[in-house]
Structure formats: structure tokens, C-alpha cells
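Notes for the one structure printed next.
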Amino acid sequence: MGKRSLLLALTTCLHGIWASLHLQAAPFPLPVLTPPEQPMKVYHLGHSLVGPVMPHMLAQLAPKGHSWNSQLGSGTSLKQHWEPEETILHFDLVNQAPIWRDAKEAIGSGDYDAVVLTEMVELRDAVKYFGSAKYMRRWAALARDASPDTRIYLYETWHHLDDPDGWQARIASDLDRLWLGKVLGSDTRRNPKRPVYLIPAGQVMAAVARAIDAGQIDGLSDVSDLFAKTPEGAQDTIHINDLGTYIVALAHYAVLYHRSPVGLPHQLSRPDGEAATALSPAAAETVQQIVWQVVTGIPRTGLSDAGQNG
């Protein structure tokens, strides 16, 4: 082998090793969290995949006394929430007191038991153009500096149902490569004793979709049954309806409270007091079981028994 070929082979090998290390979000065991003993006060920072309904449903599932505040936008990145000169689309429409509280003031107050952050989608664009890793570090540092007790979470979402790479395929590939490897990677390496944990809602939605495809969930025939319709009646490919929102709220409940959601109520209300569209009792029980299997199968959730299911 000539010197040039040897150098090329060595460079390729080193690049592969670097890439493997770079994408390894947590090359060491992360601390396990203890289950909270009291109702939690939670802050949600994000966009329309958080929305006003999901935290409201979470509060109905959680122990009495659970409370929350939020700052939302439409398609809003962590950068746009952080930088004062950036525009947050639809800010005045989706942020109303007393639920709304300024994000920096709130997270920097140390008032919250948990801070739940999420990033805009398309996630590849967020990573490439909107400094996801940098702004995740900034928001997480703000929470850490404000209180030694605040738990920090990343809410993993999903992409459009008609994603050209496949909706299920994106959820499967993006978790390690983008959510944990890119968005959280540098923060995890810098803060191994107090990392950002994961609410794997995307993984939960994908697992529910597989169960629907297998005919295992009463009353549901396609994953689109969990997604909203546009005002014109067309399929909304990114925003979830009441059924999807209920599933995501269950995922938040299971991770935040370290409790199985099996047996929780399935008939909930929307923020306006109207009854939310509900799964059948049989479907709700199946979905609750799936949620618990998923969140206890991923160690990054911080649950003591996580990782025992896969």
C-alpha cells in the first residue's frame, strides 16, 4: 500500500471513529432520577406541537396540584425563543396570561420542578441553520444555574406524515443521530452529572402507529387518525388532534412522574371546557400500556427501571 493510500485509509478510519464518538450522545451512564414525591410545577418551551391542549391534559392526568406555564410560537426554534431580536410567529395568539410567562424570566427563576424544551421541525434545518446545540446549552444552563433541583427534559417530536424519507423511518433514525447526537450531544458531554433527559413522544407515537397497523388498537385504522384536519378539511400532516395529544400527554406524565399511565382517565377536557375527543376504553388501555413500554425501554428518560424493556 502506497503512502497516499495508507494516509487515505487512516484518515477514513479516524473520521469514522470521530463520527461515532460525536454521535454517541451519552458514552457513559447517566444519573437515574428519583420519582417526584409531590405534584410538579412544569415549564413548557416550544411551539405548536406543545400547544395549549397537551399541558392541560397533562394536568388532568397528574396528581392534584400539578401546575404549568409556557411560552409557545408557531414553528419556533430554541434560538428564536432566546434572541430578543428574533420574531416568534403568532406570539400574541398563543401566549396569554396567566399560562404564559416570559421564558427567560421563568426558567431563570428556579421556580419549576421541571423544564421541558423542544426544538422546531424540520429538525435537520434546526441543527444546520438555527444553532440547536448552542441554544439547547443556553436554555439548559439557565435552568441549572437557577436551581440545583430543576429537572430538564427534551420533548422529542416528529416530522410530517408525508416526509419523503418516511415518517416512521425519520422517527427511528432521528432519535440517536439528531435529537440526542446533535441537539443534546455537546450539552450531555459537558454536563454528565446533570444531563437533559428525554420525553420520547416521537418514539411513543411511532409505537402506537405500529400497533394501529397491526390492528391492535380498537377504533383506529391509520396513524392519520391521530392527526388533525386543516380548516379546509384536508389532512394536517404535522399537528395532532385530541387523540394524538392524549398520547403525548401520557408520555409526559409517565416520564415526569415515573408512574405507569395504565388506568388513568381517558375522557378529558380541552382548555375551553369542552370534552376532548376520546379513545375507547379498550384503545386507551392499549395505548397506556404502549406508552409505559416505550418510556421504560429508553434509559435517557431517567426512570429507575428504564432499559429493561429493550
(message) Tell me if the NZ atom of K229 is crowded by more than 12 foreign heavy atoms within 6.0 Å.
(response)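 Yes, NZ of K229 has more than 12 neighbouring heavy atoms, counting only those of other groups under 6.0 Å.
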(message) Tell me if the CD atom of E37 is crowded by more than 12 foreign heavy atoms within 6.0 Å.
(response)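 No, the 6.0 Å shell around CD holds no more than 12 heavy atoms from other groups.
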(request) Compute the ring centroids of H252 and Y155, then answer whether they are less than 6.0 Å apart. (result)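 Ring centroids of H252 and Y155 are less than 6.0 Å from each other.
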(message) For residues 108-129, which residue pairs pass the ring pair (Phe, Tyr, Trp, His ring centres under 6.0 Å) check, not counting sequence neighbours?
(response)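 Every ring pair (Phe, Tyr, Trp, His ring centres under 6.0 Å) pair that includes a residue of residues 108-129, provided the two are not neighbours, is Y43-Y112.
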Just by modelled atom types, is the [Y] backbone N or O under 3.5 Å from a matching donor or acceptor in the [X] side chain?
X	Y	answer
T286	A282	yes
H81	G46	yes
E119	L78	yes
R138	W82	no

(request) Could you pull out the closest heavy-atom pair between A209 and W167, with the gap in Å? (result)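 It is CB-CZ3, 3.8 Å.
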(request) Kindly give the heavy-atom pair with the smallest separation between N69 and P98, and that separation in Å. (result)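 Looking at all heavy atoms of both residues, the shortest contact is ND2-O, 3.0 Å.
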(message) In this structure, would M205 and L161 fall into the same cluster of hydrophobic residues linked by side-chain contacts under 4.5 Å?
(response)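 As far as the 4.5 Å side-chain criterion goes, L161 and M205 are connected within one cluster.
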(message) Run W100 and F91 through ring pair (Phe, Tyr, Trp, His ring centres under 6.0 Å) and show every step you take.
(response) CA-CA 10 Å; W100 173 74; F91 183 92; 5.7 Å; yes
(request) Report the residues that fulfil side-chain hydrogen bond (donor to acceptor under 3.5 Å, both in side chains) with H239, sequence neighbours left out, ordered by chain and then residue number. (result)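 Only S48, D236 meet the side-chain hydrogen bond (donor to acceptor under 3.5 Å, both in side chains) criterion with H239.
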(message) Salt bridge check, E122 against R170: does any charged N sit closer than 4.0 Å to a carboxylate O?
(response)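 Counted as a salt bridge, because a side-chain N and a carboxylate O are separated by less than 4.0 Å.
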(request) Would you sort out whether R210 and Q168 count as a side chain to side chain contact (heavy atoms under 4.5 Å, CB included), showing the intermediate values? (result) CA-CA 9 Å; R210 290 192 293 271; Q168 292 253 23; 3.5 Å; yes
(message) Just by distance, no angles: are the side chains of Y135 and E83 close enough, under 3.5 Å, to form a donor-acceptor pair?
(response)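 Yes.
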(request) Give a yes-or-no answer on whether the side chains of D174 and H159 include a donor-acceptor pair shorter than 3.5 Å. (result)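 A pair is found: one side chain offers a donor N or O, the other an acceptor, under 3.5 Å apart.
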Which pairs would a plain distance check flag for residues 51-63, meaning a side-chain donor or acceptor within less than 3.5 Å of a matching protein atom at least two apart in sequence or in another chain?
from: H56; atom 1: NE2; to: Q60; atom 2: NE2; distance (Å): 3.3
from: H56; atom 1: NE2; to: S269; atom 2: OG; distance (Å): 3.3
from: H56; atom 1: NE2; to: R270; atom 2: O; distance (Å): 3.3
from: Q60; atom 1: OE1; to: S269; atom 2: N; distance (Å): 2.9
from: Q60; atom 1: OE1; to: S269; atom 2: OG; distance (Å): 3.2
from: Q60; atom 1: NE2; to: H56; atom 2: O; distance (Å): 3.2
from: Q60; atom 1: NE2; to: S269; atom 2: O; distance (Å): 2.9

